[in-house]
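Written below as structure tokens is the structure these notes are about.
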There are 2 protein chains.
Amino acid sequence: MTSIIQNISKHISLTPEEEALFLSKTETRHYKAKTIIQNAGQVCREGYFVNSGLLRSFNINDNIVEHVMSFACEGWWISDMYSLLSQKPGNLFIEVMEDAEVVVLSKVNQDQLYLEIPKLERFFRILIENSLVANQERLMDNLSLTAEERFEKFCKKYPGLIQKVPQKQIASFIGVTPEFFSKMKSRMLRK
Amino acid sequence: MTSIIQNISKHISLTPEEEALFLSKTETRHYKAKTIIQNAGQVCREGYFVNSGLLRSFNINDNIVEHVMSFACEGWWISDMYSLLSQKPGNLFIEVMEDAEVVVLSKVNQDQLYLEIPKLERFFRILIENSLVANQERLMDNLSLTAEERFEKFCKKYPGLIQKVPQKQIASFIGVTPEFFSKMKSRMLRK
DNA sequence: CGACTTTCTTAACCTACATTAAGTGCTGTT
DNA sequence: AACAGCACTTAATGTAGGTTAAGAAAGTCG
């Protein structure tokens, strides 16, 4: 049983035939670190489920400052939701941070699968619901917590990531500059 | 044809029987302005579709500072998604800002309806997808734009709300204090 | 291995926004 | 009419976090 099927069966149960049909509509790809698999300004036509490795999505402001929207490691999905849903050019880049194996589900195949296996509507509804809740929390945290508190939450929520992700990208994710993050971190250590 | 059925039929089509079934699982309520219909610390058991009037959801930080999570006027849905989905105590209050008529869909009935009218999975999936995209944009805006830019976006996105919503709550929504918002506004007018 | 690039740190200085506080003008209630 | 209570404004002062710049450390690649 592959990992993506495990992921789906957490929320709905598929027959072996449905599993096979689902898998037949996906494609497994291997990417080297630093590959950009989605560019801002282009229409996003695929969602990605991460089998192994590490990816991130981010946008670039005024052609200078990067803002990390999300990280995705084993068992996570990643895409440019805005662009994928609207099929308009998006603002996000998606970059492979560590050599990765991903399961690719194209927008076209996903839409077909909704018709062929209506239960998948439920699966993706639940997936998106969870994303929305996480996003709302992150938004409120950004409005109401200090950078230090946000970093503490980040450490608790994604204990695996702190080791793997360059510090400047954690800084970007929680919404501060790398310089300030560095200062803050050493201030926190001194306590 | 009631407004909530119009709202649904934007994304899926229901038979007259399904429409009737759906409506039979809802309840229409009238609330006076200033009513709190959901309290932080309690489990949220209902979602609300606004027929008329104006509501907002917000949390309170350190028992002092309010942060507006969302506004909802005619044709919008509002709830405490985290609490509604997890059935754990939530952090949000939901308050009626202007006398309102709302269609109430309880969690229990919603779950039943998913079984009786599976197409509704699709409807709510799409609804949540759109919320997620809007939320992601708001998050990136908070990370990368100035308060002034966020306010300009707010005005474009919700032209109707600026008239109706007290200024301090717009301030809270875009993430600044009422005092700073006031100063910023007069600075913007001077140009 | 060395050359090059990128990340991280430190420190001086800067600014967007917060805090505090006092005052003005509504609106609703009695 | 009068008072209470809010929403809004203004202004002085405070601070979290940004900017700039320069050097140290660490990763990357030939």
Side-chain angles (χ1 to χ4, degrees), chain A residues 32-36 54 56 58 60-68 71 93 95-99 140-155 161-191, chain B residues 32-36 54 56 58 60-68 71 95-99 140-154 161-191:
Chain A
K32 283 272 159 219
K34 305 200 176 169
T35 314
I36 300 282
L54 179 60
R56 70 175 174 129
F58 60 99
I60 297 187
N61 208 239
D62 305 322
N63 298 317
I64 302 175
V65 190
E66 288 182 21
H67 291 277
V68 174
F71 297 109
F93 297 82
E95 183 201 41
V96 178
M97 296 172 68
E98 289 179 1
D99 292 4
M140 289 318 257
D141 287 351
N142 272 288
L143 293 177
S144 59
L145 303 182
T146 64
E148 210 160 308
E149 291 167 327
R150 275 176 270 146
F151 177 48
E152 276 162 1
K153 266 197 140 177
F154 179 89
C155 293
L161 282 182
I162 312 139
Q163 336 297 335
K164 294 171 125 190
V165 176
Q167 180 173 307
K168 59 180 286 199
Q169 286 176 23
I170 297 177
S172 168
F173 184 88
I174 69 171
V176 295
T177 59
E179 294 85 354
F180 179 76
F181 187 85
S182 174
K183 179 167 41 168
M184 181 181 90
K185 206 186 62 172
S186 72
R187 186 211 303 152
M188 288 168 82
L189 280 174
R190 255 177 268 125
K191 291 177 198 162
Chain B
K32 284 270 159 220
K34 304 199 179 165
T35 314
I36 300 283
L54 179 60
R56 69 175 175 130
F58 61 99
I60 297 187
N61 207 238
D62 304 323
N63 297 320
I64 303 176
V65 191
E66 288 182 20
H67 291 277
V68 174
F71 297 109
E95 183 201 38
V96 178
M97 298 172 67
E98 288 179 3
D99 292 4
M140 290 318 259
D141 287 350
N142 272 287
L143 293 177
S144 58
L145 303 182
T146 64
E148 209 160 311
E149 291 167 327
R150 275 176 271 145
F151 177 48
E152 276 162 0
K153 266 197 142 178
F154 178 88
L161 282 182
I162 312 139
Q163 337 297 335
K164 293 173 127 191
V165 177
Q167 182 174 304
K168 60 180 284 199
Q169 288 177 21
I170 297 177
S172 168
F173 184 88
I174 70 171
V176 294
T177 58
E179 294 85 355
F180 181 76
F181 187 84
S182 174
K183 177 164 45 165
M184 181 182 90
K185 206 186 62 173
S186 73
R187 186 209 306 148
M188 287 168 82
L189 280 175
R190 256 179 268 124
K191 290 177 201 164

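Letters go in sequence order (proteins before strands), and every chain restarts at 1.
Under 4.0 angstrom from either OP1 or OP2 of C/dA16 there lies no side-chain N or O belonging to B/T146. Note on B/R187: every side-chain N or O is 4.0 Å or more away from OP1 and OP2 of D/dT9. Residue B/T177 has a polar side-chain atom (N or O) positioned under 4.0 Å from OP1 or OP2 of C/dA18. A close approach under 4.0 Å does occur between a side-chain nitrogen or oxygen of B/K168 and OP1 or OP2 of D/dA7.
We find that CG of B/N142 is positioned 20 Å from P of D/dA16, with the value rounded to whole Å. Put simply, NZ on A/K34 is 12 Å from P on D/dG27, counting in whole angstrom units. When the P atom of D/dG18 is taken as reference, atom CG of B/L145 falls 15 Å away, rounded to whole Å. As a whole-Å value, the separation of B/M188 CE from C/dA16 C1' is 15 Å. Put simply, CZ on B/F180 is 19 Å from P on D/dT13, counting in whole angstrom units. Computed from coordinates, the B/F181 CZ to C/dT19 P distance equals 17 Å when rounded to whole Å. What separates CD of B/Q167 from P of D/dC6 is a distance of 18 Å, to the nearest Å. As a whole-Å value, the separation of B/E179 CD from C/dT24 C1' is 15 Å.
Contact annotation: the side chain of B/R187 approaches that of B/M184 to within less than 4.5 Å [non-hydrogen atoms, C-beta and beyond]. Two residues are said to be in side-chain contact when any heavy atoms from C-beta on lie closer than 4.5 Å; A/M188 and A/F151 meet this criterion. The shortest side-chain heavy-atom distance between B/E95 and B/E66 does not fall under the 4.5 Å cut-off.
Taking the six-membered ring where tryptophan is involved, the planes of A/F93 and A/F58 are essentially parallel, since the angle between them stays under 30° and well short of 60°.
If A/G175 and B/K185 are placed on DNA chain D by their nearest nucleotide, the residue sitting closer to the 5' end is B/K185.
Proximity note for B/S186 (side chain, C-beta onward) versus C/dC17, D/dT10, D/dG18: the nearest is D/dT10.
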Legend entry - Full working for side chain to side chain contact (heavy atoms under 4.5 Å, CB included) between A/L143 and B/N142: CA-CA 8 Å; A/L143 293 177; B/N142 272 287; 3.6 Å; yes

